[in-house]
Structures are given as C-alpha cells and as structure tokens.
Engineer: 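Encoded as structure tokens, here's the structure I'll be asking about.
These figures come from a predicted structure and were not determined experimentally. The analysis underlying the following values was restricted to heavy atoms, covering all of them including side chains, and did not include hydrogens, waters or symmetry mates. In the text below, chain A, chain B and the rest are named by the order of the sequence lines, each starting its count at 1.
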There are 4 protein chains.
Amino acid sequence: MRATRGRTFTETGRRAQIVAAAVETIAEVGYQQASFAKIAKKAGLSSTGMISYHFTGKEDLVRAVAEDVVATVTAFMRERIEAAVGRAARLRAYVESNIEVVGAHPAHVRALLSILAGERSGADTSVLTERVGRLEAELRDGQRAGEFGDFDPAVMALAITGAIDALVTSLCREPATDASLTHSAKELADLLLRAAGARGSAS
Amino acid sequence: MRATRGRTFTETGRRAQIVAAAVETIAEVGYQQASFAKIAKKAGLSSTGMISYHFTGKEDLVRAVAEDVVATVTAFMRERIEAAVGRAARLRAYVESNIEVVGAHPAHVRALLSILAGERSGADTSVLTERVGRLEAELRDGQRAGEFGDFDPAVMALAITGAIDALVTSLCREPATDASLTHSAKELADLLLRAAGARGSAS
Amino acid sequence: MRATRGRTFTETGRRAQIVAAAVETIAEVGYQQASFAKIAKKAGLSSTGMISYHFTGKEDLVRAVAEDVVATVTAFMRERIEAAVGRAARLRAYVESNIEVVGAHPAHVRALLSILAGERSGADTSVLTERVGRLEAELRDGQRAGEFGDFDPAVMALAITGAIDALVTSLCREPATDASLTHSAKELADLLLRAAGARGSAS
Amino acid sequence: MRATRGRTFTETGRRAQIVAAAVETIAEVGYQQASFAKIAKKAGLSSTGMISYHFTGKEDLVRAVAEDVVATVTAFMRERIEAAVGRAARLRAYVESNIEVVGAHPAHVRALLSILAGERSGADTSVLTERVGRLEAELRDGQRAGEFGDFDPAVMALAITGAIDALVTSLCREPATDASLTHSAKELADLLLRAAGARGSAS
DNA sequence: AATGAATGAGGATTCATTCAT
DNA sequence: TATGAATGAATCCTCATTCAT
C-alpha cells in the first residue's frame with residue numbers, strides 16, 4: 001500500500017498527476033460526467049485501474065481534488081485577506097478575492113463549483129460546511145468587535161457564500177474580462193458589506 | 001384522451017403521475033441519481049419504457065418536472081408577493097416566501113434545487129437565467145422608482161438568488177421547524193434589503 | 001376483422017396508406033431501420049397500434065410492401081418487354097427496363113433492394129426465388145428456341161439478377177442522370193447478351 | 001501484452017476471440033440480428049461489457065470482422081489467382097476461386113455477404129467500393145492489353161461482383177456439394193468471360 | 001508500483017405487439 | 001373500425017471496481 005504519512009494537499013508523483021487531470025476533467029465536463037475513463041485519458045493513463053490503485057474510490061479522488069483546489073484558491077485569497085486591516089476590509093478582501101480568483105485559476109474554480117453543486121445534493125458536505133463555518137466564525141468575531149451590525153451570523157455566512165458562488169458561476173459561464181471581473185467583485189463586496197452593516201467599509 | 005393542447009404544467013393522467021414520481025425521486029436521491037428505473041418504480045410502473053413512451057427523453061421529463069415545480073413554487077410565492085405594497089415590501093415578500101415555501105412544499109423545493117444545481121454545470125440554463133432575469137428587471141424598476149439604492153442590478157439579482165438558494169439548501173438538509181424557518185427568512189430578507197438600500201423596509 | 005377477399009396488390013384505404021408510407025420509409029432508412037414508429041409517423045398515424053391492427057406483424061407488412069413494389073416495377077418493365085420481338089430483344093428489354101425503372105420509381109426500387117438484401121440473410125426468400133425462377137424459365141425457353149447459347153440457366157439467371165441488382169444499387173446511391181442511366185443500362189444489356197450467347201442482339 | 005502496433009487482421013488474444021465469435025454469429029443469424037449479447041455468449045464471455053471494452057462500438061467490431069474475413073477470403077483467392085497466366089485466366093481464377101471459397105470457409109463467406117448486404121443500405125461502403133474498384137482497375141488493364149473486348153469497366157466490375165455474390169448467396173443457402181460448387185464456378189466464369197469478350201479463355 | 005483485462009450492474013432508449021376502450 | 005396506452009424484452013454502451021500478473 002502507498003504511504004499516507006504527512007500527505008495532505010501536496011500529492012506525490014502519480015497521485016498529483018491524477019488529481020491534476022481530474023481537476024481539468026471536472027472543469028470541462030462537470031463533476032457527474034467526470035468518469036475515471038475520461039480522467040485516465042486526460043492523464044495519459046492507459047487504464048482506469050491506475051486510478052483505483054491510488055485512490056480508494058471516486059469519493060476519495062474527489063476529496064483529494066477538493067483539497068487541491070481549495071488549497072490553490074485559499075492561497076490566492078489568503079495573501080489578499082491578510083493584507084487587509086480591519087474586519088470590514090477583511091470581509092471585502094474575502095469577497096473580492098473570491099471573485100477575482102476566477103481570472104487567475106479558472107479551471108480550479110470551475111471544478112470546485114461543480115463539486116460543491118454535487119455536494120449540495122449529496123451525502124458528504126464537508127467542504128461546504130467547513131467553508132461556511134469558517135466564515136460564520138469570522139463574522140461572529142466581527143460582531144463582537146463591534147465592526148458589524150446585528151444579524152444572524154449563520155444566515156449571513158450562508159448568504160455571502162451563496163451570493164459569491166452564484167456570481168462566480170455566472171462569470172465562469174462565459175469568460176469575463178478582467179475589468180468586468182473587478183467591477184463585479186467590487187459591486188458584490190459593496191452590497192454584502194452594506195448587508196453586514198459594516199462600519200467604514202469604503203473600498 | 002383528454003385535451004393535450006395547451007398542456008403546460010397540468011399534465012394529463014399518466015404524464016402527471018410520472019412527473020409527480022420524478023419530483024419525489026429527484027427530491028430523494030438528487031437529479032443525477034434519479035434514473036428512469038427509480039422513477040418508474042416510484043410511479044408503480046412496470047417498466048421504464050412507459051416513461052420513454054410519454055417523454056421524448058430524460059431532458060423532456062426534467063423540463064416537465066421543472067415546469068411543474070416552478071409552477072407550484074411560483075403559485076405559493078405569488079400571492080404573498082402580490083399582497084405586498086411597495087418595492088421594498090415586494091422584495092421582502094419575494095425573499096421570505098422563497099424561504100418559507102420550503103415548509104410548504106419541501107419535496108418540490110428539494111427537486112428544484114437539485115435540477116438547478118445540475119443546470120449550473122449543464123447546457124440548458126433556461127430556468128436559471130429566466131429566474132435571475134426577472135428579478136433583475138424588478139430591481140431595475142425599483143431603482144428607477146427611487147426605492148432602492150445604487151447598485152448593479154445584474155450583480156444584485158445574482159447575489160439575492162444565490163443567497164436564497166444557499167439558505168434554502170441548508171434548510172432542506174435537515175427538516176427545520178416553522179419557527180426557525182420564519183426566523184431565517186426574516187433574517188435573510190433583512191440583510192438583503194439592507195444590501196439593496198431599501199427605504200422604509202422595516203418588516 | 002378486415003375483409004381479405006380478393007385483395008392482392010391494390011390495397012384498400014388505410015392499408016394502402018400504410019404500405020405507401022412503408023415504401024417511403026424503407027427507401028429512406030432501409031429495411032432494418034424501418035420501425036413501425038417511423039412508418040406510422042410518415043403515414044400521419046398517431047400510434048403504431050394502427051399498423052398492428054391492419055397487419056399481422058412486420059412480416060405481413062413487408063410482404064404487402066414487396067407485393068406493391070414488385071407490382072409497380074413489373075408494370076413498368078412489362079410494357080417494355082412485351083414490345084420486344086425475339087428472345088434476345090426480350091432479354092435486353094428485361095435488363096434495360098430493370099435499370100431504367102430506377103429513374104421512374106426511385107423510392108420503390110430503393111425499397112425493393114433493401115428488402116431483397118434483408119431477405120438474402122433471412123428466412124423468407126419468396127420474392128427472391130420467384131424472380132430468379134421466372135427468369136430461369138425464360139432463359140431455358142430461349143435456349144430451346146436456339147436463340148441463346150449453351151449455359152446453365154440456373155447460374156445464368158442468378159448472374160443476371162445479381163448483376164442487375166449490383167448496378168441498380170450503385171445507381172441508387174447517388175442520383176444518376178437519365179443519360180448515364182441509359183448508358184449503364186445498354187452496357188449491362190450488351191454484356192449480359194454476350195454472356196448468354198444471344199444471336200442477333202444488336203440494340 | 002503482445003504488440004498492438006501494426007495490428008490489422010491478426011488480432012491479439014481476446015480481440016481475436018471476439019472477432020471469431022462475431023464471424024460465427026453473423027454467419028448464423030445475420031448481421032442485423034447479431035447482437036453483442038449473442039456474440040458474447042458464443043465467445044463464452046460473461047457480459048457484453050467486455051466487447052465494448054475491446055471495441056469502440058458495434059461499428060468498430062464489424063470493421064474488425066470485415067477485415068478478418070476479407071483477409072481470409074483474399075488469402076484463399078490470391079494463390080489461385082497468382083497461379084494463373086494471362087488476363088483472362090486471372091479473371092477466371094478470380095471468379096472461380098471466389099465461388100469455391102464457399103466450400104473452404106463457409107462461415108466467413110456467409111458473414112461477409114451479410115455484412116455487404118447491410119452495407120448496401122448503410123453509410124459505410126468502404127469494403128464494397130474498394131472491392132469493385134480493384135476489379136475495375138484490373139479489367140481496365142486487361143482492355144489496354146487487348147485481352148478483353150470493349151465495355152465500360154465500371155459497369156463490368158459491378159456486374160461481375162453482383163453475379164458472384166448472387167451465386168454465392170444461393171450456394172450458401174443450402175450446403176452444396178463440392179461437385180456442384182465446381183460446376184457452378186466454371187459456369188459462372190465461362191459466362192462472365194464471354195461477357196468480357198476474353199480471348200483464349202477456354203477453361 | 002503498476003498494468004490492463006475482466007466484471008456485472010445499471011444507463012437511456014427503441015422495439016413489435018397487446019388490449020381495453 | 002380505430003385508438004393510444006401499456007408492456008417488457010432487447011438494444012448498445014458506460015460505469016467504478018477488482019484481480020492476476
């Protein structure tokens with residue numbers, strides 16, 4: 001059996017190659033249509049057996065894909081968020097960078113959206129809930145700090161997440177220009193900060 | 001046979017029965033997992049051939065299902081929306097009734113969400129775009145009337161739609177009490193009206 | 001039950017309509033692909049039940065189609081053959097008219113070829129054997145009359161039939177001009193008369 | 001695995017086994033009735049999935065079958081044709097060996113005829129046209145060499161091919177004795193050589 | 001560590017036919 | 001006489017997974 005120690009996002013050799021092919025495939029044909037056969041073909045593998053050898057099942061592969069994509073997207077967003085000062089600015093950075101990552105990693109974003117859509121009607125909702133949970137905690141902190149208005153942080157977290165995903169989905173459909181991307185990102189951030197009753201949230 | 005002319009939502013006999021079974025099946029197992037075999041079983045049909053007899057293909061059946069569900073949901077929402085006076089109140093009614101319909105027609109909503117999720121990664125996006133388009137027009141009108149603030153109506157329409165769907169999805173996952181449903185609905189309406197800069201939007 | 005007395009080629013009402021639609025359908029999509037559904041559609045019928053009602057089964061329908069087509073083709077050929085004087089001239093007329101009927105009744109010929117092709121690998125070979133048998137008798141008569149050379153009439157009949165069908169098939173594939181049709185017909189007749197050692201067979 | 005590069009007729013392992021089973025099946029029940037299920041059964045396979053694994057689709061399998069059968073038949077004919085001296089003798093050898101191969105490889109011939117019949121009413125006519133084209137070229141050469149009379153080589157090639165197939169079909173229907181096979185072959189060659197105006201074509 | 005052949009269930013769809021009305 | 005709904009077997013094909021090598 002393969003070594004599992006310490007491996008999280010950064011896969012080794014074949015695994016990484018398969019995950020990369022899976023990301024591309026899912027981005028192209030969608031989560032449900034992404035069969036082992038298609039992924040193997042894109043990876044230049046001669047059989048699907050290879051995939052089953054490295055992954056327990058489709059579930060396992062998808063989890064690995066999700067981890068990889070989330071890591072990529074998170075890395076992009078983190079530096080923008082950490083550069084922001086104050087809760088409101090952080091929220092703005094969160095929203096805007098989440099939109100702008102479409103321009104930087106279109107395939108990854110597309111794949112993630114497709115996986116999330118599948119998850120919504122599926123059993124495993126770990127990626128989904130973890131993401132919303134983290135945002136909710138952040139919002140709660142902001143409220144405690146008095147930088148946000150009064151709202152139910154669970155509802156707000158879901159609303160923000162849903163709004164972002166809807167916009168991202170729309171932007172993914174037809175390739176948007178950088179300008180329109182930036183515009184949409186700012187618009188969305190503006191309206192969500194208003195919703196959150198953020199103090200001093202001028203962009 | 002009963003009249004087939006003018007048939008839109010209200011299907012005749014067997015067709016209606018199949019659509020109803022499809023709604024239930026999609027609500028239970030999701031759009032992608034809803035095979036003809038499962039639907040036929042739920043409808044008490046002896047073979048899948050019957051479905052193919054009444055519907056051109058899966059696409060055709062899903063369209064019929066979408067029409068049926070949209071009709072049901074729309075009927076529920078319409079009376080609440082039409083009872084509202086003023087743009088802001090209408091928007092609030094739109095949002096709240098869209099959430100509350102989960103309590104009234106849980107299976108229909110679940111099915112619709114699953115179909116929409118599939119549409120997002122699919123070709124036919126008619127249901128999706130029509131829904132967002134209608135809301136966008138409504139928002140634009142509200143801005144002209146001076147009852148909403150300044151925002152890009154396209155982005156706002158997507159944001160509202162996405163926020164609603166995210167909350168509905170969450171509420172669908174585990175059966176919520178009426179109280180929590182009402183609470184969530186009001187919370188979401190509050191925050192979205194803030195986002196829209198609605199004047200005089202106290203619930 | 002429907003009256004069956006005296007009916008041979010000339011069908012009555014519905015039957016004739018269905019046969020006509022079947023001829024067209026077989027000509028267009030081929031014998032094997034010509035399903036009841038397609039024939040019903042072309043006939044403007046709302047269900048296939050109608051066909052099953054008028055015909056015992058597919059076999060029965062195809063037999064009726066064959067009779068109809070053979071009658072049409074035979075009528076075209078007969079007047080040309082009967083106008084010819086002498087065995088050799090009759091054979092020439094047989095061959096040439098068999099080719100030229102492609103120009104006059106393309107759909108019928110196409111349908112007949114498709115049915116014959118199916119018959120070749122099927123059980124019922126009545127149309128096929130009857131046709132060859134008649135020609136064989138004719139050839140045998142010609143030999144007795146001393147107007148043909150020495151050959152096995154069974155083999156010759158098969159050879160002539162096969163040669164005609166191969167040419168007709170080729171001519172059916174892409175629509176031929178009248179000129180090329182006439183040229184091919186004369187060429188084939190020439191070579192087959194040579195094969196039969198026909199005396200005084202100048203066209 | 002054995003080399004798959006350069007694979008044409010001689011298939012490797014399972015592929016060859018499936019092709020062989022397909023030949024037998026097509027010979028028995030005909031091209032159209034030869035389903036994957038029947039072929040799998042004859043091949044001793046547990047499911048039709050195996051066939052789909054080795055062949056892209058039915059089309060692909062049939063192409064492989066055609067190649068295999070054509071190779072077998074061609075090999076049989078080639079040595080007889082190459083032993084002949086002179087154009088007329090070559091044509092005689094072509095015709096006679098084409099008939100006599102029925103005795104040597106009945107199943108292969110039957111399968112080929114069924115496939116060709118299907119091709120006549122189908123889209124892919126590559127096997128058919130290639131075969132006729134090669135014969136046409138041969139005839140044209142013979143005419144240039146002055147060993148054949150005057151005729152349209154395209155028509156003659158079709159006539160010869162059609163005559164052969166008709167006779168072969170007839171001989172395939174009920175198992176013929178070697179004697180009658182030889183007789184029919186000689187008869188057909190005689191008459192076709194007469195048709196071609198071959199000089200010095202005494203058998 | 002890797003391969004690719006094999007599996008068998010399940011996918012949608014088409015088919016000729018039957019039957020109650 | 002005619003209809004159209006119902007049937008269920010059969011079509012090809014794809015799927016994730018397993019297993020011997």
Side-chain angles (χ1 to χ4, degrees), chain A residues 1-3 12-15 32-40 45-61, chain B residues 1-2 4 12-15 17-18 32-40 43-61, chain C residues 1-3 12-15 32-40 45-61, chain D residues 1-2 4 12-15 17-18 32-40 43-61:
Chain A
M1 236 310 190
R2 64 200 148 72
T12 60
R14 260 302 196 284
R15 263 184 81 96
Q32 292 287 351
Q33 280 67 41
S35 65
F36 276 20
K38 287 175 189 158
I39 294 169
L45 267 39
S46 57
S47 94
T48 65
M50 187 80 273
I51 300 179
S52 286
Y53 175 74
H54 282 287
F55 298 88
T56 302
K58 194 171 189 181
E59 211 172 304
D60 187 30
L61 171 57
Chain B
M1 192 201 184
R2 270 175 288 165
T4 46
T12 63
R14 226 359 162 252
R15 260 185 85 98
Q17 177 190 358
I18 294 172
Q32 292 287 350
Q33 279 67 40
S35 66
F36 274 22
K38 288 175 189 159
I39 294 169
L45 266 38
S46 60
S47 85
T48 67
M50 190 75 274
I51 301 180
S52 288
Y53 175 75
H54 283 287
F55 298 89
T56 302
K58 192 169 190 182
E59 212 172 301
D60 188 30
L61 172 57
Chain C
M1 234 315 189
R2 64 199 147 71
T12 60
R14 260 305 195 285
R15 264 183 82 96
Q32 293 287 351
Q33 279 66 41
S35 66
F36 277 19
K38 286 175 189 158
I39 294 168
L45 267 39
S46 58
S47 95
T48 65
M50 186 81 274
I51 301 179
S52 287
Y53 175 74
H54 282 287
F55 298 89
T56 302
K58 193 170 190 181
E59 212 172 301
D60 188 31
L61 170 58
Chain D
M1 192 200 184
R2 268 176 287 167
T4 47
T12 62
R14 239 333 177 265
R15 258 185 87 97
Q17 176 190 358
I18 294 172
Q32 292 287 351
Q33 279 68 40
S35 66
F36 275 21
K38 288 175 188 159
I39 295 169
L45 266 38
S46 59
S47 84
T48 67
M50 190 75 273
I51 301 180
S52 288
Y53 175 75
H54 282 287
F55 298 89
T56 302
K58 194 170 190 182
E59 213 172 301
D60 189 29
L61 172 57

Engineer: List the residues meeting side chain to side chain contact (heavy atoms under 4.5 Å, CB included) with D/Met50, not counting sequence neighbours, and say none if there are none.
Structural biologist: D/Leu45, D/Tyr53, D/His54
Engineer: Taking only N and O in the side chain of C/Arg14, is any of them less than 4.0 Å away from OP1 or OP2 of F/dT3?
Structural biologist: yes
Engineer: Checking all strands, does D/Ser46 fall into the base, sugar-phosphate, or nothing category for heavy-atom contacts under 4.0 angstrom?
Structural biologist: sugar-phosphate
Engineer: Quick one: D/Leu45 CG to E/dA6 P, roughly how many Å, whole number?
Structural biologist: 7 Å
Engineer: Find the distance D/Ile51:CD1 to F/dC12:P and express it as a whole number of Å.
Structural biologist: 9 Å
Engineer: What are the two closest non-hydrogen atoms of A/Ser47 and A/Ala40, and how far apart are they?
Structural biologist: O-CB, 3.9 Å
Engineer: Where are the stems of DNA chain F, defined as at least 3 consecutive Watson-Crick or wobble G-U pairs with both distances under 3.5 Å?
Structural biologist: E:2-21 with F:2-21
Engineer: Considering all heavy atoms of both residues, which atom of D/Phe55 and which atom of D/Asp60 are nearest to each other, and what is their separation?
Structural biologist: CA-OD2, 3.4 Å
Engineer: Minimum heavy-atom separation for A/Lys58 to A/Gln32, with atom names?
Structural biologist: NZ-O, 4.1 Å
Engineer: Once you round it to whole Å, what is the distance between C1' of F/dA16 and CD1 of A/Ile39?
Structural biologist: 11 Å
Engineer: Could you report the tightest heavy-atom contact between A/Ala34 and A/Ile39, atom names first, then the distance?
Structural biologist: O-CD1, 4.2 Å
Engineer: Hey, what do you get for CZ (C/Arg15) to CD1 (C/Ile51), rounding to the nearest 0.5 Å?
Structural biologist: 12.0 Å
Engineer: Considering all heavy atoms of both residues, which atom of A/Phe36 and which atom of A/Leu61 are nearest to each other, and what is their separation?
Structural biologist: CE1-CD2, 4.0 Å
Engineer: What pairs with C/Ser35 under side chain to side chain contact (heavy atoms under 4.5 Å, CB included), at least two apart in sequence or on another chain?
Structural biologist: C/Ala37, C/Lys38
Engineer: So, OP1 or OP2 of E/dA1: does either fall under 4.0 Å of a side-chain N or O from A/His54?
Structural biologist: no
Engineer: Determine, for nucleotides 13-21 of chain E in 5'-to-3' order, which nucleotides have protein heavy atoms under 4.0 Å from the base (write B), from only the sugar-phosphate (write S), or from neither (write -).
Structural biologist: BBSSBB---
